[in-house]
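Order of the sequence lines fixes the chain letters, A, B, ..., with proteins taken first and strands second; residue numbering starts at 1 for each chain.
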Amino acid sequence: MLTTLLEPFQFEFFRNGTIAAVLVGGLCGLIGVYIVLRGMSYIGHGLSHAIFGGAVVSFVMAWNFYVGAGLWGFVAAVLINQTVRRTKIGADAAIGVITTASFAIGVALISRYRRFTRSFDAALFGNILGVTPQDVWMVAGVTVLVTVIIFFFYKQLLFTTFDAEVAQVYGVQTQWVDTMFALLLAAALIVSMQILGVTLIAAALVIPAITARLMTDSFDRMVLASTLIGALTGLIGMYLSYYVDVASGATIVLLQATLFGLVLTVTSLQKRASQRLLHTHV
Amino acid sequence: MRRVGVAAAAKAGAHQSGGSCVQALVELQDVTFGYGAAPVLEKIDLHLHSGQFAALVGPSGAGKTSLLKLILGSLRPTRGEIRIDGRALNGRPAPQVGYVPQLETVDWNFPVTVAQVVLMGRTRQSGWWPWPTKADRRVLATLLDSLEIGQLAERHIRDLSGGQQQRVFLARALIAKPDLLVLDEPTTGVDMRTAENVLHMLAGLNRQGMTILMTTHDLNAAAAHVPWVVCLNRRIIAQGRPEDVFNVATLNETYQADMLVIHQDGLLLVQQRPHHHTYHDVLPNPILGHVAA
């Protein structure tokens with residue numbers, strides 16, 4: 001029985017993929033809290049598209065993928081932040097313009113230089129089972145970096161996310177905090193892109209965070225719950241995908257969406273019950 | 001600009017700061033500011049002394065919030081200089097200033113408790129660890145108890161009454177022990193009794209030596225509780241004690257409206273003189289088809 005249950009783990013590709021899925025799930029869950037609370041849920045979707053453009057440019061220019069795509073994603077994130085801060089343009093519109101233009105650069109380059117030796121399918125749709133030990137180390141490194149920085153800048157990030165204008169009055173260097181967060185987000189998206197793909201990253205960023213938000217009114221507990229949901233759905237999703245024979249990234253996201261639906265139903269029923277109770281007491 | 005009762009205010013300032021010499025904590029010299037080509041504020045000269053309690057009054061769009069943001073260092077003047085405690089701001093955040101924003105600007109669905117919001121005020125003072133230190137907790141407990149919201153520390157900010165919410169943001173401003181407290185419309189959006197309580201609380205803080213600058217639309221409350229008022233409409237129209245400044249001529253100029261000032265039982269009451277508008281005075285063009293018909 002135990003041998004059957006542990007069967008998938010005898011394969012190295014599955015072990016690598018599972019470790020990567022757990023780390024990426026937790027990482028996206030953690031960063032997603034700040035994204036959702038800033039009302040920038042669309043940024044994950046947009047920036048991953050922008051990074052795709054950066055990845056194609058890196059390939060054409062023969063740059064290192066992580067450096068080229070990372071720099072591209074960081075610049076796009078900073079541009080979005082600055083456009084929102086300095087103009088009347090809202091976050092959704094700024095993300096739409098900057099990231100779609102960046103994605104279009106990638107598409108234009110692919111159509112111009114048709115003789116590509118590299119397939120960009122993995123970048124678009126993810127390839128968890130093709131994760132190498134080097135990829136796992138890269139994901140682990142970024143996860144540790146992001147966790148450590150969020151840990152030590154927890155208060156500054158919380159205040160800036162809650163009310164950036166007032167945080168600045170209280171001496172928080174909000175410009176610097178925003179730039180640092182853009183860098184972390186770009187790094188997280190790049191390591192997640194190989195695993196989940198451009199098309200699924202947005203869901204992995206948003207779903208654990210909104211599920212956690214439904215479960216608690218405490219910021220600390222939301223951060224913890226979102227990270228755990230991301231990591232656990234990464235683990236269970238990978239495991240399920242082996243048996244149901246469905247793409248791993250899609251299984252993880254579908255599992256997260258199912259959990260969100262369940263939590264939404266339970267919390268709605270609880271709310272309705274407490275309102276009914278209050279009504280009968282009044 | 002008319003300056004009325006300066007001697008009285010200086011005396012009050014000296015009294016409030018414990019009898020020492022009057023020191024200008026906030027100084028604005030020839031300050032002009034605009035978001036675009038048209039200036040929102042013009043040639044503002046304002047001095048606020050240590051221990052003073054002042055209210056900025058004026059109609060919507062008069063530049064009250066912009067003036068507060070200039071003093072806080074969130075905005076930079078296009079001309080002129082702002083000094084806080086003798087130091088020029090030059091676009092930096094003002095040091096030792098506690099700020100209470102308008103309650104309407106707060107995201108009430110944000111997942112934070114009362115304690116977390118109040119401790120945000122100590123972000124600059126506290127260390128790198130994410131959790132509050134023993135000293136943070138001690139200061140927090142004392143402050144919340146003194147504002148009579150000690151039992152609400154772990155409650156979500158949405159689950160509070162208007163008065164309690166105002167106290168939470170006041171606590172956030174006070175926890176860093178500021179020299180100057182700046183409040184943007186602390187009596188807006190709360191009922192009359194809560195507004196009265198908030199102003200009593202501010203008067204109490206002022207008696208303990210806190211310098212306070214607030215904006216308000218409630219002229220009657222300002223007349224009753226605030227010893228110094230500044231009438232603003234793009235420029236300073238007048239400043240002084242409410243009984244000296246709140247007269248028909250000054251208020252008409254400030255509000256560009258027909259104002260009525262009544263003295264009743266030692267109270268000063270201000271009201272805009274009612275007009276009998278017809279529908280076409282207010283809305284020259286019909287909005288709904290059936291109204292025109």
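- Within 6.0 Å of CD on B/Glu81 lie more than 12 heavy atoms contributed by other residues, nucleotides or ligands.
- In this structure, the separation between NE2 on B/His156 and OG on A/Ser218 is 9.0 Å, given to the nearest 0.5 Å.
- Ring orientation note: the planes of A/Phe219 and B/Phe110 are close to parallel, at an angle under 30° on the 30°/60° scale.
- Within a 6.0 Å sphere centred on CH2 of B/Trp108, heavy atoms belonging to other residues, nucleotides or ligands number more than 12.
- Proximity to chain A involves both the backbone and the side chain of B/Ala173, based on heavy atoms less than 4.5 angstrom apart.
- The side-chain heavy atoms of A/Tyr154 and B/Trp131, taken from C-beta on, include no pair separated by under 4.5 Å.
- In B/Gln96, the CD atom is crowded: over 12 heavy atoms of neighbouring residues, nucleotides or ligands sit closer than 6.0 Å.
- Ring geometry, B/Trp129 versus A/Phe152: the interplanar angle falls from 30° to 60°, so the pair is classed tilted.
- None of B/Met120, B/Arg124, B/Arg172 except one satisfies the side chain to side chain contact (heavy atoms under 4.5 Å, CB included) rule with A/Tyr170; the exception is B/Arg172.
- Pairing each heavy atom of B/Asp107 with each of A/Phe162, the nearest pair is O-CE1, 3.9 Å.
- Of all residues in residues 61-76 of chain B, those placing a non-hydrogen atom less than 4.5 angstrom from a non-hydrogen atom of chain A are B/Lys69, B/Leu72, B/Ser74.
- Proximity to chain B involves both the backbone and the side chain of A/Val169, based on heavy atoms less than 4.5 angstrom apart.
- Among A/Ile150, A/Leu37, A/Asp220, A/Leu157, the residue making the largest number of heavy-atom pairs under 4.5 Å with chain B is A/Leu37.
- For A/Arg221, no part lies near chain B; criterion is any non-hydrogen pair under 4.5 Å.
- Of the listed residues (A/Asp163, A/Leu158, A/Thr216), the one with the most heavy-atom contacts under 4.5 Å to chain B is A/Leu158.
- Contacts between B/Val106 and chain A at a heavy-atom distance below 4.5 Å involve the side chain alone, from C-beta outward.
- Sorted by first and then second residue, the salt bridge (Lys or Arg N to Asp or Glu O under 4.0 Å) pairs with a member in residues 170-183 of chain A read A/Arg38-A/Asp178, A/Arg85-A/Asp178; sequence neighbours excluded.
- By the 6.0 Å contact criterion, CZ on B/Arg87 is open, its count of non-hydrogen atoms from other residues, nucleotides or ligands being 12 or less.
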Note to self: I'd like to know whether B/Trp128 forms a side chain to side chain contact (heavy atoms under 4.5 Å, CB included) with A/Phe153, so could you lay out the CA-CA distance, the side-chain angles of the two residues, the decisive distance to 0.1 Å, and finally the verdict.
What the structure shows: CA-CA 7 Å; B/Trp128 292 98; A/Phe153 287 89; 3.7 Å; yes
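- Note that the NZ atom of A/Lys155 and the CG atom of B/Leu119 stand 8.0 Å from one another [nearest 0.5 Å].
- Using a 4.0 Å cut-off between a side-chain N of Lys or Arg and a carboxylate O of Asp or Glu, B/Arg155 and A/Asp217 do not qualify as a salt bridge.
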